[in-house]
Amino acid sequence: MTILIAAILIVSLLFISTERLTHINKAAVAVFASTLGWVLYVSFGADFVESQHMADYKSFLDGIQPNSVAVKQYIAKSIFLPYLGQAAAIVLFLLATMSIVNILHTNGCFDFLTIWIRTRNSRILLWKLTAFTFFLSANLDNITTIVLMLTVTNTILPRTKDRKLYGTMVLLAVIFGGALSVIGDPVGLVLWNKGAITASDYTMTMAIPCAIAWMLPTALVSLKLKSNIDIERPTLPYRGDDTNLKIWQRIVMLLVGIGGLWFIPTFTAITQLPPFLGALCTLSLLWIVNEVFNRSLFNAQKRRISYDDTPQKMQYNSIQQILYIIGVMLAVGVVTETGFMHWLSTEIDTLVGNVWIVGAMTALISTVLDSFASCVTMISLHEVTNAIPHYAVGGAYWKVLSFGTAVGGSILAVGSISGVIMMQMQGVSLNWYFRHITPLTLLSGVIAFVVLCLELTI
């Protein structure tokens, strides 16, 4: 049965990596695989529990005679719920940040971007756009950031050709901006919740490699651009009666929302509570400020949905990402409980025995398989232990895996959910991306990966 459950995960990963060919949503595949895996696990639960959790199971029985009902209750309460809790912590964090951005966007707090970024100088426009994206992605989840910034990009640029090129550069800024912090990418959140990394140390280690991976291809592309570019007229979007806020009120909301996200690592360090509680606290404060500032509109029932569909795009893509994250984490969890991951980690340590090579292999896998799925699978191979330096808190293994999957996700774009969204919104084909962008991301990714390795060995 262990082989069957592991085979289900492997087949599901194959379907996830070939989503563009099969046209089967990866979230649906992940959820189905996790459900089927846990059903099979429960059906043969006695064997797994006796081999993996015998001492804890005896304590759970407390003298009661073992039976099928007791085994299922033990699995549900003591095995399944912890994995569900881990997935829920990531999901609640993403829901909170998605809601924060939704409130800020609806109230026009990002409207200044379309004015501040606009310029006819193509190189300055590229650097402004990607620099702000890089900064924003380090503070928000990648899905929210890519939808928001591509909407800004398409508002500025009228030509499809320009939207493709600038959109791909925005994607790189999103991927490596997200890899810069523990709250910017779900992979960082998983490692943070696992206790494998600390927020400040992780960011300091990732700063230079992430900057190289973003800035080097951006600089190479900027050298090929013409001096001027066609842009749309600089006008703020019309919002009708959906907001009536003054500039200072929008600034206050922006400071509460983004500033609250900055405070989450400190909140977690002080209270030792999960990061999603800090995100929910920030959301609640922003929610209260929103209610106070828009009280007249709410009382008069004037607030209405704007013509702008950006919040709807964020919600739709975020819901898919949430289901996908739940499915992947539960699917990997059930395989881990069979003992297969322990066997696999032993085999990898025996055959490879080098975290840098494992990181490079993970990057290679992430070029075609979603970076989150590949990284979560590799993370599950080892537990955090201070007995082995590479697997200790802040150890090289965790950082190499995280950055390796980011590099892999940027090489073909299809290796990340953000990349798939960019290709859909900008009309970028895999062939176009491979010919124009992949050589740049491959070069910058290798250089940045070498820099990370040097940082971790010195």
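Contact annotation: the side chain of V152 never approaches that of F132 to less than 4.5 Å [non-hydrogen atoms, C-beta and beyond]. In this structure, V393 and N386 have side chains that are in contact, with non-hydrogen atoms separated by less than 4.5 Å. For the pair L285 and V289, the minimum side-chain heavy-atom distance is 4.5 Å or more. Using a 4.5 Å heavy-atom threshold, the side chains of I103 and L283 count as touching. Within the 4.5 Å cutoff, side-chain heavy atoms of M169 are placed close to those of I437. Counting heavy atoms from C-beta outward, K194 and W398 have side chains that approach closer than 4.5 Å. Taking the side chain as every heavy atom from C-beta outward, M341 and T377 approach each other to under 4.5 Å. With a 4.5 Å cut-off on side-chain heavy atoms, L40 and I8 count as touching.
Nearest heavy-atom pair across L150 and Q426 is CD2-CD, 3.9 Å. The two atoms that bring L369 and S17 nearest to each other are CA-CB, 3.9 Å, heavy atoms only. In plain terms, the two heavy atoms of C375 and T405 that are nearest each other are CB-CG2, 3.4 Å. Closest of all the heavy-atom pairs between S380 and T336 is CB-OG1, 3.8 Å. The shortest heavy-atom contact between F267 and P274 is CE2-O, 4.2 Å. When all heavy atoms are compared, the tightest approach of A392 to V384 is C-CG1, 4.2 Å.
To the nearest 0.5 Å, the span separating CD1 on I417 from CD1 on I175 amounts to 11.5 Å. Atom OH of Y397 is separated from atom CD1 of I197 by 14.0 Å, given to the nearest 0.5 angstrom. If you take CG on L36 and CG on L9, they are separated by 11.5 Å, rounding to the nearest 0.5 Å. Summarising the geometry, atom CE belonging to M378 is positioned 6.5 Å from atom CE belonging to M361; distances are rounded to the nearest 0.5 Å. Of the inter-residue distances, the one linking S416 atom OG with L171 atom CG reads 5.5 Å to the nearest 0.5 angstrom. Note that CG of L140 is 6.0 Å distant from CG of L261, once rounded to the nearest 0.5 Å.
Ring planes of Y391 and H382: parallel class, angle under 30° (limits at 30 and 60°). Ring orientation note: the planes of F449 and F403 are close to parallel, at an angle under 30° on the 30°/60° scale.
Proximity of a side-chain donor or acceptor of S402 to a complementary backbone N or O of K399 within less than 3.5 Å is not detected. Listed for the R163 side chain is a donor-acceptor partner under 3.5 Å among the backbone atoms of N154. Not one N or O on the side chain of T367 forms a donor-acceptor pair closer than 3.5 Å with the backbone of A363. Remark: side-chain polar atoms of S137 are not paired, donor with acceptor, to backbone N or O of T133 under 3.5 angstrom. A donor-acceptor contact shorter than 3.5 Å is absent between the side chain of T130 and the backbone of A173. Not a single donor-acceptor pair under 3.5 Å links the side chain of T438 to the backbone N or O of R435.
Within 6.0 Å of CD1 on I208 lie no more than 12 heavy atoms contributed by other residues, nucleotides or ligands. Atom CD1 of I3 is surrounded by 12 or fewer heavy atoms from other residues, nucleotides or ligands within 6.0 Å. The environment of CD in E383 is sparse: at most 12 heavy-atom neighbours from other residues, nucleotides or ligands sit within 6.0 Å. More than 12 heavy atoms of other shown residues, nucleotides or ligands fall within 6.0 angstrom of atom NE2 in H436.
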Worksheet item: Given L13 and I16, is the side chain to side chain contact (heavy atoms under 4.5 Å, CB included) satisfied, shown in steps?
Response: CA-CA 5 Å; L13 293 178; I16 288 171; 4.3 Å; yes
Worksheet item: What's the verdict on side chain to side chain donor-acceptor pair (under 3.5 Å) for T441 and S410, showing C-alpha distance, side-chain angles and the deciding distance?
Response: CA-CA 6 Å; T441 56; S410 69; 4.7 Å; no
Practice prompt. Take F372 and V190 through the side chain to side chain contact (heavy atoms under 4.5 Å, CB included) test and state the conclusion after the steps.
Written response: CA-CA 10 Å; F372 179 80; V190 171; 3.8 Å; yes
Practice prompt. Evaluate the side chain to side chain contact (heavy atoms under 4.5 Å, CB included) criterion for residues F60 and Q73: first the C-alpha distance (whole Å), next the side-chain angles of each, then the deciding distance (0.1 Å), finally the verdict.
Written response: CA-CA 10 Å; F60 174 82; Q73 289 178 344; 4.2 Å; yes
Discussion item. Run V174 and M149 through side chain to side chain contact (heavy atoms under 4.5 Å, CB included) and show every step you take.
Written reply: CA-CA 9 Å; V174 166; M149 295 309 299; 5.5 Å; no
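A side-chain contact (heavy atoms from CB on, under 4.5 Å) with V358 holds for exactly one of V400, D349, V352; it is V352. When each of F80, F48, F340, Y83 is tested with Y41 by the rule ring pair (Phe, Tyr, Trp, His ring centres under 6.0 Å), just one qualifies, namely F48.
The side chain to side chain contact (heavy atoms under 4.5 Å, CB included) test applied to L81 returns L84, not counting sequence neighbours.
For S374 and S366, the side-chain atoms include at least one donor-acceptor pair closer than 3.5 Å.
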